[in-house]
Structure formats: C-alpha cells, structure tokens
There are 2 protein chains.
Amino acid sequence: MNIKDVSVRVGLPAKTIRYYEEIGLVTPDRAANGYRDFSAAHVHTLTFLARARGLGFSVEDCRELLALWEDQGRESADVRTIAQQHLAQIEEKIAGLQDMAATLSDLVRGCAGDARPECPILQGLAGETAQTSCEKLP
Amino acid sequence: MNIKDVSVRVGLPAKTIRYYEEIGLVTPDRAANGYRDFSAAHVHTLTFLARARGLGFSVEDCRELLALWEDQGRESADVRTIAQQHLAQIEEKIAGLQDMAATLSDLVRGCAGDARPECPILQGLAGETAQTSCEKLP
DNA sequence: CTTGACCTTCTAGTGACTGGAACCTTTATG
DNA sequence: CATAAAGGTTCCAGTCACTAGAAGGTCAAG
C-alpha cells in the first residue's frame, strides 16, 4: 500500500509517516520503484501510533509501548505502569489549565470591555491587584 | 540591575530573559562593561511576561498584550477579546485532556496488571475493542 | 504525449527555549 | 598582588514533533 492510502486510512499526514520511518517507528518495505510499501502490519502499527499520540503519549512513550506491544512475552503490568504514569501527567496538566482558566475568567469578568483605558486584565497580568489604584506597586 | 538579580526577582531563567531581548520583548540598557542593565520598568515588563506566559499566552499574544499594556489610549475591549479567545482555547484543551484521561483510565481499569500477555491497554491503543477476542478486527 | 497526481529526497523552519563553549569582568580571599 | 569564584557576554547547536517547500522521478488516464 502506498503512503497516501495509509495516510488516509490511519489519519496521519504522509509527512508524519515519513518522519516516523526516519526515527525508526515503522520500517515499510520498498517497491521496485523506490516507493514505500506498507503491509497490513505496518498500517496496524501506524494506527497504534496515531491513537497513542492522540492520547498525548510522547513519541518516546510510543516507542516503549510499541516494543511492549510487539513483545509477546511482556507483562501487562509494565504497560499499566506506563499508562498510569501518563494518566497522572494528564491530570496534572488538566489541573494546571483549570487554574489558568479560573484566573483568566476572573480577569475577564472584572473587565468592562469598553473604551476606557483602565483594564483589570492587564493590571492582573502585571501582578497588580485588580483594583484601579496603582499606589501599592513595589 | 544585572540579569541574575532580575532573573531571581521575576522568576525567569537568565537565558529566557536574553531570548526575550533577542526577539524584542525587552530592551535593557547596557552598562559601560557591556552588561545588561535593567530598570524597574524592564523588571515590570518581565514580570508581566512571566505571568502572561505562565497563563499560557503565546509569546506573540504577549507581544500584543504588552503593546496594549504600554498604549495609554488602548481600549480595554481589545484586551478582553484576546483574553477571551485565549480562555476558549484553554477550555478546549481541558476538554481534550479530559477525553484522554477518560479513555486512559478506562483502559487502565480494564487491565489486570499481572503477568499475562493479554493487555487491554495495548488492545485499546491498537483500536481494538477492549475484549480478549481479536476476531472482529477490520 | 501530455497532464496531473502521486512518489522520492533534501534542506530549512517552527516555538520557546536550553545547553555548552569560549571568553571577559568583578569581587573576595590568601 | 595573584588567583579563584561567580558573575557577565556572544554565538552555535540541540530540543520536540513535525511541517513547508524545492527539485525531481513515476505512473495511470485521456
């Protein structure tokens, strides 16, 4: 199967697939004309990669997961450990973003959004308290 | 003020501050010996940057916000617009991550974490249903 | 035979830094 | 006064995971 068909099937840009070959995540065969030739197994691997990357696993995580995936003798505990670590990271990220969102929406809520130059958002970003006075600056 | 002191004060690595100068976000003076010399205003700008970046604004967002911040005549509506767009982006990200977390924790929950080679996590990542059978593969 | 859609490789750019080398200046200490 | 350390400077290269674009080869349809 040529790269474009694979690309459509697994939902990854052709460029990305070539890149994955470059870094050794897939190694498609080559046809006589030099075109990459992907087997069903390669497509399966790429589907795996697309999904894992979509779930936020880093490429190096993916490499590890792929190795486990292809290793018939691996312990599912290893996989579970990686997944759990990753889950913890995601949850941390979510918490961080929620913090951000809360701060930002506080700032937005305090902002009249009119033509006056006083803007609580900028004041907030500048580290001031969200009041109009500037006298307490350090 | 020398770069290290600024670095400590605003909580940005010296390298980052130099980088911000390179891309034109701050332009500290220079002492006779060639050292960067930061005024209180520069420190204030960097504090602003640290905070805005910490809230996830891109450097280009920051450039825009800085311009608004320094523009006495700007409309607070402009700032509000940027902040709201950003807030929307953050909320999208959170939703995406929550999706991920849900999928992953489903997978983790389904995984015995023992020594058997069947692993629902890998099966899930491979796009299979989380059952032990492989017969329904496309 | 030509057109257009593919394919190939290669180089370079992105964002937002970060690390390291090579060298200069200031300050404290023996 | 010599020296060592702790700071400063510039510049080049690397990170991550692609992405863009150029220059050229190949293939199927009309």
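What you are looking at is a predicted structure, and each value in this text was computed from that prediction instead of being measured.
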Requested in this report: Return the value, rounded to whole Å, for the distance between atom OH of A:Tyr19 and atom C1' of C:dT11.
Outcome: 16 Å
Query raised in the report: Which is true for B:Arg18 with a 4.0 Å heavy-atom rule: it touches a base, it touches only sugar-phosphate, or it touches nothing?
Result: base
Requested in this report: Kindly say whether A:Leu25 contributes a backbone atom to a donor-acceptor pair with the side chain of A:Arg63 at under 3.5 angstrom?
Outcome: no
Query raised in the report: Is a side-chain donor or acceptor of B:Ser105 paired with a backbone partner of B:Ala101 at a separation under 3.5 angstrom?
Result: yes
Query raised in the report: What's the CD-P distance between B:Glu22 and C:dC17, to the nearest Å?
Result: 12 Å
Query raised in the report: Any side-chain heavy atom of B:Val43 sitting closer than 4.5 Å to one from B:Met1?
Result: yes
Query - Chi angles and distances behind the side chain to side chain donor-acceptor pair (under 3.5 Å) call for A:Ser39, A:His42 - result: CA-CA 5 Å; A:Ser39 71; A:His42 294 132; 3.0 Å; yes
Query - Interatomic distance, A:Leu12 CG vs D:dT19 P [rounded to whole Å] - result: 9 Å
Query raised in the report: Base, sugar-phosphate alone, or nothing: which one does B:Ile23 contact when heavy atoms must sit under 4.0 Å apart?
Result: nothing
Query raised in the report: Are any of B:Arg36's side-chain N or O atoms less than 4.0 Å away from OP1 or OP2 of D:dT10?
Result: yes
Query raised in the report: Over how many whole Å does the gap from A:Asp29 atom CG to C:dT8 atom P extend?
Result: 13 Å
Query raised in the report: Which part of the nucleic acid, if any, lies within reach of A:Lys4 when heavy atoms closer than 4.0 Å are counted: base, sugar-phosphate only, or nothing?
Result: sugar-phosphate
Query raised in the report: B:Ile3 has an atom CD1; how far is it from atom C1' of D:dT9, in whole Å?
Result: 10 Å
Report task. Kindly say if A:Asn33 contacts the phosphate of D:dG25, meaning a side-chain N or O under 4.0 Å from OP1 or OP2. Result -> no
Query raised in the report: Nearest of D:dA17, D:dT10, D:dA20 to any side-chain atom of A:Lys15?
Result: D:dA20
Report summary line: Ranking D:dG8, C:dT18, D:dT19 by distance to the side chain of B:Pro13, first place goes to C:dT18
Query raised in the report: In whole angstroms, how far is the P atom of D:dC16 from the OH atom of A:Tyr20?
Result: 14 Å
**Report entry** C:dC24 OP1/OP2 closer than 4.0 Å to side-chain N/O of B:Tyr35
**Finding:** no
Query - Rounded distance in Å - CD1 (B:Ile17) to C1' (D:dG8) - result: 13 Å
Query raised in the report: Are the side chains of A:Leu46 and A:Phe38 in touch, meaning some heavy atoms are under 4.5 Å apart?
Result: yes
Report summary line: The residue, A:Ala14 or B:Thr16, whose nearest nucleotide of DNA chain C is more 5′ is A:Ala14
Query raised in the report: Given D:dC16, is OP1 or OP2 found less than 4.0 Å from the side-chain N or O atoms of A:Arg53?
Result: no
